[in-house]
Structure formats: structure tokens, C-alpha cells
Enquirer: 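One structure, as C-alpha cells, below. Some questions next.
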Amino acid sequence: MARVIFDGVFKRYGNSSAPAVTDLSMEIHDREFLVLVGPSGCGKSTAMRMIAGLEEVSEGRIIIGDRVVNDLPPKDRNVAMVFQSYALYPHMTVRDNLAYPLKLRKVQKAERERRVLEAARMLEIEQFLDRKPKALSGGQRQRVALGRAVVRDADLFLMDEPLSNLDAKLRVQTRAELIKLHDRVQTTTIYVTHDQVEAMTMGDRIAVMSLGVLQQLDTPQNLYDKPANKFVAGFIGSPSMNFVDVQIEDAEGRLYATNPGGFRMRIPDSRGASLARFKGETVTLGIRPEHLVERNHFGGNPETVLPVTVDVIELLGNESFIYLNSGNAVLTARMSPEVKVERGQKIEVTAEPDRFYFFDPKTDAAVA
């Protein structure tokens, strides 16, 4: 078992002006399941490859356990990596694929067989031990790839988008199996994905990255409830948060957020102190789709009304995504199928003031 520390880590490629990873500092706790998430090119896979020793650190330190591993070759770091492509040897049976990393380390045959059988039972692939990878489904191949990591008895598991080649149903199933596997083996795990649903459902904590910079490191619930900035707010949640530019106005000692599209919301006194410095200025208002409700159907707060036109309706059975036009902003609402609206219909939507987020337009930081 091991903790992992990034201490001011940079990664630069050649003479590129922008580092692929910039001043990354964070600690992954012993036995934690940490998810690195972000869009393509954000630096998450590069950060993982630096832990594994597949990329050199340009500046800073990486510590695994109590050792600085910057100059250690990959074979001496005692980490096991699971790749997106499975990376199985096609000419070997499942048994031989599982045993191969142990054979390289000259583990005795009896011990190899014991570990292989133990991993196969854990992952329910005992019946496939004498098959070759081409005779397995995608989900079964992924279990073999996971098994090869488990038999290593490594200090650290590194998983680079291991579910991206699976279909949607199998991805959900394998996601649950990975969580149960981590509960059993209790090995520190760092998991890279671009899928925020995977991140929210699997991680003890989530590190959100963008353009090589760590944006926020927190629990899934805190990322959803208390995003540090506009990027995190928009990335976490599905569908993503709506953003509307509003002006902060003072009317008779009370603050209001207004918009030319007809939006007018009284800002609660509890939020007034933090927003007072923006009087007369434009800030970004964030509203999650699930917090928008149709006023006539649910009532809602009369001081937070936004007139909109229904553009598109997506019926999903247990819920509906309704795309709305407010004149100068396009919004998404996630509503119950009980709400009956039609394309082109003019309606009013509302939300409770404590469900609104505000962001500084200059820095994109959340206004507390």
C-alpha cells in the first residue's frame, strides 16, 4: 500500500511554451480511489504516466510511499497499470497472461499459480483460464487486464481509461465490479477518465484538471455542491450547468440580478455581502438543469422568474431534457415527464435562490 505525492510537478515537451502539466501538487492517500478527470489534452494521462515512470518529470518531485521516484525506472516502482487497449498477449492463454508479470519477477511456479487462481476467482474468470484473448468478449478481456494488475501485489494501481472500449451497459457493470474489487484489495488506485459520470460514481475524491492545471480536488458531492470555479461547475453534472450573464443592480437597498432577456432575481441577504462588490457590473450566473422548474406546474419563487421559449424536447422515459431560449441565452432544464410542454411554447421557469451559483467574470472563480 502507498500514498502518492505530487510536489510542484511540471511536464514540458521540447520547446513548447505551455507545459502539459503545470505545478501539480496534491496527495493521494493510502488505499484511496482517486479519479483524475478532465477533457482530452488536460494532462491527466501525462500525470499518471509520470507516476508509472513512462514520462520523465521536468520539474518537481513524485513520491510513492516514502521514496522519491523521479529517477527510478518503471520496474522498480512496484506499480501495476491497466491500459485502455487491454494490452494482452494474443498468443498466450488467459492463465499465461496473468502469470507473465510474475514470471518476469522470477516468482516461484507454485506461488504464481496460487496468485493466478486467486485473481481469477476474484474476477470470476476461472472458466476462461485456458482460452486465448481472441475467444473473449471485451468485458472479459478487461477483467483479464485487471487480473494481471491484481496478481502483481503492487503498491499502486494505475488505470488509464480502462472502460472506454466497452459498450454502455457493460461499462456500468464493470464500473461496479471495479468498485467492489477496490474494496476487496484495498490498494491505492489512481483512475484516469474523461467521463464525469464515471468519476462521480467511482472516486473517493476527484481531481479535476484543465489545460494541465489542477482546478479542484475534493469529494464528488463537494465538487457538485461547491465548485471552485466556472470550469468545474460546467464539467461536473449532466447535463452541464447553464450559464447566463447577469448584471448586479441595487434597488432600494436590495440587490437584484437582472438580464435583458427578462430575468430578474432578488439576491438573498445571505448572498448580498459577497456580491455587493459587483454592483453595476456583469457576473456569470450558474443554474443546474435539475434545479430549473416550470413555474405554472410547480409554483416556485415569484422573485426568480425567467420567461423562455421551448426549442427542443428530449423524452427519456423517467425524465425530460427541455432546451429553452431566453432571447440571449440557451438553457437546458431537466424535468419530470409530468411537465407537458410543446415546441415553440412560451413558459416561465424558476428556481430557488439558494440553487444559484455566481462566478467572477474576470477570474471565473466562484463567488462564495
Side-chain angles (χ1 to χ4, degrees), residues 196-197 200 206 208 215-216 218-249 251 254-278 281-310 314 316 318-339 341 347-361 364-368:
Q196 57 98 11
V197 174
M200 292 291 284
I206 301 171
V208 183
Q215 302 293 314
Q216 189 172 356
D218 214 326
T219 63
Q221 196 62 50
N222 280 345
L223 287 178
Y224 179 86
D225 291 334
K226 302 171 184 176
N229 55 43
K230 185 178 175 182
F231 176 83
V232 175
F235 193 82
I236 299 297
S238 181
S240 61
M241 183 180 285
N242 299 296
F243 295 109
V244 182
D245 288 335
V246 296
Q247 188 162 20
I248 304 300
E249 296 181 352
R254 291 178 173 174
L255 290 182
Y256 290 82
T258 64
N259 178 280
F263 177 80
R264 180 177 174 82
M265 180 194 81
R266 182 187 166 191
I267 296 171
D269 293 340
S270 59
R271 306 290 298 276
S274 60
L275 288 165
R277 61 191 172 98
F278 293 101
E281 297 183 22
T282 298
V283 301
T284 302
L285 168 69
I287 316 171
R288 293 204 180 277
E290 52 270 34
H291 296 155
L292 279 174
V293 298
E294 202 272 318
R295 185 184 177 193
N296 290 336
H297 195 86
F298 290 102
N301 192 322
E303 291 191 308
T304 60
V305 172
L306 179 63
V308 293
T309 302
V310 177
E314 292 182 352
L316 302 177
N318 64 327
E319 62 186 0
S320 300
F321 294 165
I322 302 175
Y323 299 90
L324 310 164
N325 192 317
S326 69
N328 60 351
V330 177
L331 308 175
T332 305
R334 185 178 190 169
M335 296 187 184
S336 163
E338 296 174 8
V339 178
V341 294
I347 62 173
E348 291 181 335
V349 292
T350 182
E352 291 302 316
D354 61 359
R355 296 294 196 179
F356 289 100
Y357 299 82
F358 293 91
F359 302 94
D360 187 323
D364 281 345
V367 179

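What you see is a predicted model; the values in this text were computed from it and never measured. By convention here, the first residue in the shown sequence is residue 1.
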Enquirer: Rounded to the nearest 0.5 Å, how far does CD1 of Ile267 lie from CG of Leu275?
Expert: 5.0 Å

Enquirer: Can you list every pair that meets salt bridge (charged side-chain N to carboxylate O under 4.0 Å, His left out) and has a residue in residues 226-243, with sequence neighbours left out?
Expert: none

Enquirer: Quick one: does Tyr357's side chain have a donor or acceptor within less than 3.5 Å of a partner on Asp225's backbone?
Expert: yes

Enquirer: Please give me the minimum heavy-atom distance between Glu281 and Arg277, naming the atom from each residue.
Expert: OE2-O, 4.0 Å

Enquirer: Taking side-chain contact (heavy atoms from CB on, under 4.5 Å) as the test, write out the residues that go with Ala365, two or more places apart.
Expert: Thr363

Enquirer: Where is the tightest heavy-atom contact between Tyr224 and Pro227, given as atom of each residue plus distance?
Expert: O-CD, 3.8 Å

Enquirer: Return yes when atom CG of Asp269 has more than 12 non-hydrogen atoms of other residues, nucleotides or ligands closer than 6.0 Å, and no otherwise.
Expert: no

Enquirer: Tell me the closest heavy-atom pair linking Arg334 and Ser238, and the distance in Å.
Expert: NH1-O, 2.5 Å

Enquirer: Among residues at least two apart in sequence or on other chains, which ones pass ring pair (Phe, Tyr, Trp, His ring centres under 6.0 Å) with Phe321?
Expert: none

Enquirer: Give the minimum heavy-atom separation between Arg288 and Leu223, together with the two atoms involved.
Expert: NH2-O, 4.2 Å

Enquirer: When rounded to the nearest 0.5 angstrom, what distance separates OG1 in Thr332 from CG in Leu324?
Expert: 7.5 Å

Enquirer: Just to verify, what does Phe359 make a ring pair (Phe, Tyr, Trp, His ring centres under 6.0 Å) with, not counting sequence neighbours?
Expert: Phe243

Enquirer: Roughly how far apart are Met241 CE and Leu285 CG, rounded to 0.5 Å?
Expert: 9.0 Å

Enquirer: To the nearest 0.5 Å, what is the distance between CG on Asn242 and NE2 on His291?
Expert: 11.5 Å

Enquirer: Quick check: closest heavy atoms across Leu255 and Gly272, and the distance to 0.1 Å?
Expert: CD1-O, 3.6 Å

Enquirer: Between Val367 and Arg271, what is the shortest heavy-atom contact and its length?
Expert: O-NH2, 4.0 Å

Enquirer: Can you find a pair of side-chain heavy atoms, one from Ile206 and one from Met200, that are under 4.5 Å apart?
Expert: yes

Enquirer: Is the shortest side-chain heavy-atom distance between Phe278 and Asp360 below 4.5 Å?
Expert: yes

Enquirer: Rounded to the nearest 0.5 Å, how far apart are CD1 of Ile236 and CG of Asn222?
Expert: 12.0 Å

Enquirer: By side-chain hydrogen bond (donor to acceptor under 3.5 Å, both in side chains), which residues pair with Glu314, not counting sequence neighbours?
Expert: Tyr323

Enquirer: Does atom CZ of Arg355 have more than 12 heavy-atom neighbours from other groups under 6.0 Å away?
Expert: no

Enquirer: List the steps, then state whether side chain to side chain contact (heavy atoms under 4.5 Å, CB included) holds for Val310 with Glu294.
Expert: CA-CA 11 Å; Val310 177; Glu294 202 272 318; over 6 Å; no

Enquirer: Does Phe358 have any ring pair (Phe, Tyr, Trp, His ring centres under 6.0 Å) partners at least two apart in sequence or in another chain, and if so, which?
Expert: none

Enquirer: Tell me whether Gln196 contacts the main-chain N or O of Gly237 through its side chain, where contact means a donor paired with an acceptor under 3.5 Å.
Expert: yes

Enquirer: Could you walk me through whether Leu306 and Ile287 pass the side chain to side chain contact (heavy atoms under 4.5 Å, CB included) check?
Expert: CA-CA 12 Å; Leu306 179 63; Ile287 316 171; 5.6 Å; no

Enquirer: Could you give the distance from CD (Glu338) to OG (Ser320), rounded to the nearest 0.5 Å?
Expert: 10.0 Å

